[in-house]
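Below is one structure, written out as structure tokens, with a few remarks after it.
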2 protein chains.
Amino acid sequence: MDLSDRKKKILQAIIDEYIGTAEPVGSRAISKKESLGLSSATIRNEMADLEEMGYLIQPHTSAGRVPSDAGYRFYVNSLMQRYQLGVEAISRLQEALEDKVVQLESMIKRAGALTSALTDYTTFVTTPGRVSKIKKIDLVPLGYSSVMLIVVTLAVRSRVINADITAEQCDEIASILNKHLAEHSADEISFAKIEEIQHEIEAKTDLSVQLLINILHFVYETINSMNESDIYINNAKSILQYPEYSDLDKARELFNFLEDKENLKLLASAEDEEGVKAKIGKENGLDILNDCSLVTVNYALGDRKAGKLGVIGPKRMNYAKVFASLDVISKEIDKILKYYL
Amino acid sequence: MDLSDRKKKILQAIIDEYIGTAEPVGSRAISKKESLGLSSATIRNEMADLEEMGYLIQPHTSAGRVPSDAGYRFYVNSLMQRYQLGVEAISRLQEALEDKVVQLESMIKRAGALTSALTDYTTFVTTPGRVSKIKKIDLVPLGYSSVMLIVVTLAVRSRVINADITAEQCDEIASILNKHLAEHSADEISFAKIEEIQHEIEAKTDLSVQLLINILHFVYETINSMNESDIYINNAKSILQYPEYSDLDKARELFNFLEDKENLKLLASAEDEEGVKAKIGKENGLDILNDCSLVTVNYALGDRKAGKLGVIGPKRMNYAKVFASLDVISKEIDKILKYYL
DNA sequence: TATTAGCACTCGATTAAATTGAGTGCTAAT
DNA sequence: ATTAGCACTCAATTTAATCGAGTGCTAATA
């Protein structure tokens, strides 16, 4: 069932061509390539073979050939030329990711944006769920009977609470919270623990119980929300750019699909394999993605898989470049995160 | 130059119809409306008059009429039926805005999202520049020689700084920073002031000067960045929905335009008038928006204009609903902000 | 005098037909 | 085994024919 060397070369030439043009490629176009030096008739014969083997598809009798899912798969697995990001490109990436590292989440978001800038495809990133340990909790009075609750881990989350308490009371509560919660990871903190803390605070201050419950409720909720991983999409508009989505309805459909975070999370929920992986067309298992490929990579926080970075594009995407980009960027993220944790 | 009552009614009927269908409206369609009881011939005569006066346009000889910019303008100024948001709709809005008020910025973002959900048009919001006073500055050691800098105003901004300092040093620096900066508004804080603080810290701690300069640099930059207003766009994809953008190239062009924050800021930079204002077609002064209308409203933080909320849609947008929505939402924002400040 | 019925006319949109051309498969020659 | 040559196919493009919504104008009517 192996392909002859010649067939491989021809298949590769066809796919390379198709990736560039999005038009079915004919035998003549291939025979013109110097490197092969075969007549169109010969190419035609080989193409007929490749079609029979399932690597190519003829949209209609008098058209050229188009790669099938299996064709792309073979291309990705064995044919694709390695693509090297330029040194300057890489160092620009490193700079962009490191230089202004403001915060975990925004760094991750930026990684998604960079990937999409680099490849010009739609991308998504998921932020790490169950993030690192709580470093500090703070209650800052804002005046007008509201306080700002701030929880610091590698990320920072804040929210305003309406509560009429003094600065001293804020400090007191915060210090008790910190005593119990600092250096614990968010997913260790049960509601029971919070109740325990509540009793301690009740004993030490003269706050109204109702108010205290209220505040602790927010604390609990905020901490919990940090456990949830979120997902961001970039450059969705790029799908308008590819001829496979020149049908407005199709484009809109995909748009709507991608806009729903639940759908994206579904996509991002795939296995935790090593390295860059592609899912081509039907392999995605979703009708709406039959004409798309999804290329993803995991990044790690310390030693466990933390989140995922992915590219969504037409099946005839520039796999080589996408693979290289995801590889480089995910490794940069790993490096930066390792450094933090 | 005044329009007869009958002409007004006809113009209104035409625009209402056109808003609903996006198709040039013919005399027959209007004459069928019970409320007028005129024959199509009469309507035709009136339409011819209205066209001469510049309120209507005939795309070609054998088509119905379409409102001109002037027509829409007249409609918005004098004809449009007031639209009342339902009580439940309003209270749902209030809830959505208040209930989970997490933070100034996310509330503002949410307001934009709500407007777009309500109207189904593309919306934008700008966050307040020169935000309220600094409430607190915090330095939290994260371990691995990095610290998180946190600046609290009505918003919270944070960033990671690589600096090898102890928890005690953090506290000390933070307390000096707070002593000098808390309760000052961000735009009062000059670089000179920061340098002054630097000298005080130098005297009181044994930190390396270079490190200290580095940290204070980030403090200054972060505070400064809080002075800048940002802009967010929602539901850009909705432009794919309207027949006026069934031309993919036009849609893409507008998409690209709207994606660039600089462009949006330009749009949002308009005058600080009271109340909801519309700019129709050419009134926007940008070719790319010739087929769009922009409806905006300012919201206030305390007593000065703080930011802007806007809707971008086709010229034949549902002005009544958009005006009502913007009115209600901006007032809700005002209410919430007044409450905070 | 204002309104309306009636009719010829216009012109974009739709449908149908004709043409083109890229590409194939097969056969026979090299 | 390869290739030149040729008949054939079929989507895409071009051209022509038809349709119909809507108009403006005129003459009749209230």
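Just so it is clear: chains get the letters A, B, ... in the order the sequence lines come, proteins before strands, and each one is counted from 1. Keep in mind the model is a prediction, meaning the values are calculated, not measured.
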Checklist line | Nearest-neighbour nucleotide for the B/Ser39 side chain, D/dC10, C/dT4, C/dG6 considered | finding: C/dT4
Check: Given the rule in the salt bridge (charged side-chain N to carboxylate O under 4.0 Å, His left out) test, do B/Lys282 and B/Asp287 qualify, once you have shown the distances and angles that lead to the verdict?
Finding: CA-CA 7 Å; B/Lys282 293 227 170 65; B/Asp287 278 358; over 6 Å; no
Check: Starting at CZ of B/Arg28 and ending at C1' of D/dG24, how long is that distance when rounded to a whole Å?
Finding: 17 Å
Note to self: Nearest to the side chain of A/Arg65, heavy atoms from C-beta on, is which of D/dT3, C/dC11, C/dG25?
What the structure shows: C/dG25
Next item on the list: Compare the minimum distances between each of C/dT10, D/dT23, D/dT3 and the side chain of A/Thr42, then state the nucleotide with the smallest one.
Entry: D/dT3
Item checked: Residue B/Ala41, side-chain heavy atoms: nucleotide from C/dT10, C/dT4, D/dT3 that is nearest -> C/dT4
Note to self: Under a 4.0 Å threshold between the charged nitrogen and the carboxylate oxygen, would B/Lys9 count as salt-bridged to B/Asp5?
What the structure shows: no
Checklist line | Donor-acceptor contact present, side-chain B/Arg65 to main-chain B/Leu50, <3.5 Å | finding: no
Notebook entry, point to check: Paired with C/dA16: which nucleotide, if any, by Watson-Crick or G-U wobble criteria at under 3.5 Å for both distances?
Noted result: D/dT15
Check: More 5' along DNA chain C: B/Glu46 or B/Pro59, using each one's nearest nucleotide?
Finding: B/Glu46
Next item on the list: Measure from the side chain of A/Met47, starting at C-beta and using heavy atoms only, and say which of D/dA11, C/dT4, C/dT24 lies closest.
Entry: C/dT24
Margin query: Looking at A/Asp260, I want to see if its CG is surrounded by more than 12 non-hydrogen atoms of other residues, nucleotides or ligands under 6.0 Å.
Written below: yes
Checklist line | Euclidean distance, atom CD1 of residue A/Ile43 to atom P of C/dA22 [Å, nearest integer] | finding: 19 Å
Check: Rounded to whole angstrom units, what separation is found between the CD atom of A/Gln58 and the P atom of D/dC8?
Finding: 18 Å
Note to self: Side chain of B/Ser62, heavy atoms from C-beta onward: which of C/dC26, D/dA11, C/dC11 has the nearest atom to it?
What the structure shows: C/dC11
Check: Atom NE2 of B/His60 and atom P of D/dG24: how far apart are they, to the nearest Å?
Finding: 13 Å
Notebook entry, point to check: If you check the A/Arg44 side chain, which of C/dT3, D/dG24, C/dG25 turns out closest?
Noted result: C/dG25
Checklist line | Complement of C/dT10, any strand, by Watson-Crick or G-U distances under 3.5 angstrom | finding: D/dA21
Next item on the list: Give the rounded distance in Å between these two atoms: CD of B/Glu51 and P of D/dG22.
Entry: 15 Å
Check: To the nearest Å, how far apart are A/Ile57 CD1 and C/dG23 P?
Finding: 18 Å
Next item on the list: Quickly work out the B/Ile14 CD1 to D/dG22 P distance and round it to whole Å.
Entry: 12 Å
Check: Can a side chain N or O of B/Ser27 be found less than 4.0 Å away from OP1 or OP2 on D/dG22?
Finding: no
Notebook entry, point to check: How long is the line joining CG of A/Asn45 and C1' of C/dT27, in whole Å?
Noted result: 12 Å
Note to self: Salt bridge or not between A/Arg316 and A/Glu244? Use side-chain N to carboxylate O under 4.0 Å.
What the structure shows: yes
Item checked: Identity of whatever pairs with C/dT30 - Watson-Crick or G-U, under 3.5 angstrom -> D/dA1
